[in-house]
Every structure is written in structure tokens, then in C-alpha cells.
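Written below as C-alpha cells is the structure these notes are about.
For clarity, every value in this text was computed on a predicted model and none was experimentally measured. Counting from 1, the numbers follow the sequence of the chain as shown.
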Amino acid sequence: MDLQKFGEKVQKDLAHRKLELSRLTVAIQTPFTDQSQKNLMCRATVVFTYAHWEGFVKSASAFYIRHINGQQIPVHKLRNCFQAAYVASHFKRAQNSSKISFLGEVLTSIDVDRKKTFSISPDKYIDTESNLSSTVFESLVTGLGLPYLDAYSTRQAFIDEKLVYGRNQVAHGELAVFNETDAAERLSSVRDLLDLYANQLLDAARDKMYLS
């Protein structure tokens with residue numbers, strides 16, 4: 001996947017999600033004669049905002065991995081996080097023995113693999129662990145060789161207490177009530193997060209930040 005295609009994929013995915021979030025914004029602002037309908041719409045918003053948060057991070061990150069795969073780069077020319085992921089199976093082999101001769105063979109195998117062309121399955125590389133908390137997100141971002149931005153740090157409470165915890169309340173059957181103000185805040189804040197992550201990935205691809 002070349003740079004242009006990568007950008008198109010990210011922007012298309014982002015646009016689809018932001019359109020749905022915008023429609024939800026309009027929906028919760030619509031006057032309801034029945035308060036229970038308003039409550040239902042706000043509860044649905046809690047689930048959808050988390051879904052688009054996790055969904056976009058997973059899909060955009062996978063596009064980034066596919067973009068790197070498409071560059072046909074030798075493993076040893078990439079950042080250490082990508083090199084480590086590529087040769088990870090050798091680390092597991094090394095755990096099974098302390099014999100010097102065997103470990104020497106493992107090191108030789110790693111050296112051989114580091115000269116190969118990088119290609120790895122995004123599904124094996126991207127793991128949101130079913131709950132994309134701020135901690136999991138930080139691990140994912142740094143695992144892509146990218147800095148964990150200050151703008152993410154200032155939104156950690158929102159990610160953990162609003163997006164993740166709120167989604168779990170609804171998904172696990174709790175009859176939690178969310179008002180229009182809370183729903184609107186979630187919609188606005190998650191759009192900001194999606195834009196922020198999209199821009200970081202697009203900049204990283206443009207600047208070839210995956211290289212060592």
C-alpha cells in the first residue's frame with residue numbers, strides 16, 4: 001500500500017465514523033416527547049463512541065502496518081519495535097533452552113531474518129485487548145514506534161472513565177443513565193481523538209518514522 005492509498009484508506013474510514021458521530025449529535029439534540037427515548041439515545045451514544053474509538057484505532061493502525069509492508073524494507077532498517085515483532089518467534093524458542101550452542105543458533109537465525117524484507121500480519125501486531133484503555137492505547141502507539149503525545153495524556157481520564165467504563169456499564173447490562181450533555185461531550189471528544197490519531201499516522205507515514 002503506497003502513501004497515497006494509505007492516506008485515502010485512513011481518511012475514508014475516518015470520514016465514515018465522523019459522519020455517524022455527527023448524526024448521533026443531531027439525534028440527541030432532537031426534542032423527544034418521551035424522556036425514555038432520550039435516555040435510550042444517550043445510552044446508544046455511549047456504546048457508539050467507544051465502538052468508533054476502538055474501531056478506528058484498530059483499522060488505521062492496520063493500514064499503517066500494511067503501508068510499511070508495502071515499502072519492501074529490510075527488517076534491519078526499521079525501528080526496533082518492528083524488528084522485534086518480526087523475530088519474536090525466536091525469543092520464544094530461546095526461552096526453552098539455556099544451552100549456549102542453541103542460543104547461538106537462535107542468534108544466527110535472528111541475524112538471517114533481519115536481512116529479510118519486512119512483512120507482518122496487522123492482526124498479529126495490533127491488539128486492543130478488548131478494552132482500549134489509555135494504557136493499552138499507549139502500548140499500541142509506542143509499539144508502532146510513535147511518541148505518545150501529550151494530547152493523549154491529557155485525555156487519559158476521558159478514555160478510561162468515559163469511553164471504556166461507560167461502554168462497559170451499558171454492554172454489561174447496567175441500567176446507567178446518561179444525559180444529553182454527557183453524550184454530547186463524548187461525541188465531541190472522541191472526534192478530536194480520532195482526528196489526532198489519524199494525523200499522527202499520516203504524518204508518520206509521510207516522514208517515514210518507521211525507519212531506524
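Counting all heavy atoms, side chain and backbone alike, Ser59 lies closest to Arg17 at OG-NH2, 3.9 Å. Counting all heavy atoms, side chain and backbone alike, Ala176 lies closest to Arg43 at O-NH1, 2.8 Å. Scanning all heavy atoms of the two residues, the minimum distance from Pro122 to Arg66 falls at CG-CG, 3.7 Å. Across all their heavy atoms, Ala183 and Ile28 have their closest contact at CB-CD1, 3.8 Å. Taking all atoms of both residues into account, the shortest heavy-atom contact from Ile126 to Ala62 is CG1-N, 4.2 Å. Shown here for Val164 and Leu132, the closest heavy-atom pair between the two residues is CG2-O, 3.5 Å.
Taking the six-membered ring where the residue is Trp, Phe82 and Phe118 present perpendicular rings, their angle passing 60° and hence far from 30°.
Annotation: ring pair (Phe, Tyr, Trp, His ring centres under 6.0 Å) contacts involving residues 152-187, sequence neighbours excluded, comprise Phe137-Tyr152, Tyr148-Tyr152.
Donor-acceptor pairing under 3.5 Å is lacking for the side chains of His16 and Glu20. A donor-acceptor pair shorter than 3.5 Å cannot be found between the side chains of Asp160 and Gln156. No hydrogens or angles considered: nothing links the side chains of Tyr125 and Ser61 as a donor-acceptor pair under 3.5 Å. Of the N and O atoms on the side chains of Ser36 and Asp34, at least one donor lies less than 3.5 Å from an acceptor on the other residue.
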Inset, instruction - Could you give me the CA-CA distance, side-chain angles and deciding distance for Arg191 and Asp195, then say whether salt bridge (charged side-chain N to carboxylate O under 4.0 Å, His left out) is met? - result: CA-CA 6 Å; Arg191 277 196 297 265; Asp195 279 333; over 6 Å; no

Inset, instruction - Take His67 and Leu201 through the test side-chain contact (heavy atoms from CB on, under 4.5 Å) and record every step on the way to the result. - result: CA-CA 11 Å; His67 170 63; Leu201 287 178; over 6 Å; no

Inset, instruction - Please step through side-chain contact (heavy atoms from CB on, under 4.5 Å) for the pair Met41 and Gln37, ending with a clear verdict. - result: CA-CA 6 Å; Met41 184 57 66; Gln37 291 181 320; over 6 Å; no

Inset, instruction - Report the C-alpha separation of His52 and Val190 in whole Å, then their side-chain angles, then the decisive distance to 0.1 Å, and conclude whether the side-chain contact (heavy atoms from CB on, under 4.5 Å) test is met. - result: CA-CA 8 Å; His52 284 310; Val190 82; 5.6 Å; no

Legend entry - Candidate pair Gln200 and Tyr197, rule side-chain contact (heavy atoms from CB on, under 4.5 Å), full reasoning: CA-CA 5 Å; Gln200 184 178 25; Tyr197 191 54; 3.9 Å; yes

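The side chain to side chain donor-acceptor pair (under 3.5 Å) check on Lys9 picks up nothing, with sequence neighbours excluded.
Panel note: side chain His76, backbone Lys115; no donor-acceptor pair is recorded below 3.5 Å. Checking side-chain atoms of Glu180 against main-chain N and O of Gln29 turns up no donor-acceptor pair under 3.5 Å. Of the possible donor and acceptor atoms, none in the side chain of Ser188 sits under 3.5 Å from a partner among the backbone N and O of Glu185. Using modelled atom types, one side-chain atom of Gln71 and one backbone atom of Met1 make a donor-acceptor pair closer than 3.5 Å. Listed for the Thr142 side chain is a donor-acceptor partner under 3.5 Å among the backbone atoms of Ser139.
To the nearest 0.5 Å, atom CZ of residue Phe63 and atom NZ of residue Lys12 are 9.0 Å apart. Distance check, rounded to the nearest 0.5 Å: CG of Asp127 to CG of Leu140 gives 8.0 Å. Taking CG from Leu163 and OG from Ser133, the interatomic distance works out to 11.0 Å, rounded to the nearest 0.5 Å. Note: Leu19 CG to Arg23 CZ = 4.0 Å, rounded to the nearest 0.5 Å. Expressed to the nearest 0.5 Å, how far CG of Leu24 lies from OG1 of Thr45 amounts to 4.5 Å. For the atom pair CG (Asn179) and OG1 (Thr181), the distance works out to 5.0 Å, reported to the nearest 0.5 Å.
Using a 4.5 Å heavy-atom threshold, the side chains of Ile159 and Trp53 count as touching. Residues Ile120 and Ile65 are in side-chain contact: their nearest non-hydrogen atoms beyond the backbone lie under 4.5 Å apart. At least one side-chain heavy atom of Lys162 sits under 4.5 Å from a side-chain heavy atom of Asp182.
Shown here is Gln35, whose CD atom has more than 12 heavy atoms of other residues, nucleotides or ligands within 6.0 Å.
When Leu14, Asp13, Asn199 are each tested for a side-chain contact (heavy atoms from CB on, under 4.5 Å) with Leu194, only one passes: Leu14.
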Give every donor-acceptor pair under 3.5 Å between a side-chain atom in residues 202-212 and any protein atom, sequence neighbours left out.
residue, atom, partner, partner atom, Å
Asp203, OD1, Arg206, NH1, 3.4
Ser212, OG, Lys77, O, 3.1

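Hydrophobic clustering of Ile, Leu, Val, Met, Phe, Trp and Tyr side chains at less than 4.5 Å, counting indirect connections, keeps Phe48 apart from Leu40. Clustering ILVMFWY residues whenever any of their side-chain heavy atoms sit less than 4.5 angstrom apart, transitively, puts Tyr50 in a cluster other than the one holding Val47. The same ILVMFWY cluster, assembled from side-chain heavy atoms under 4.5 Å apart, contains both Val10 and Leu149.
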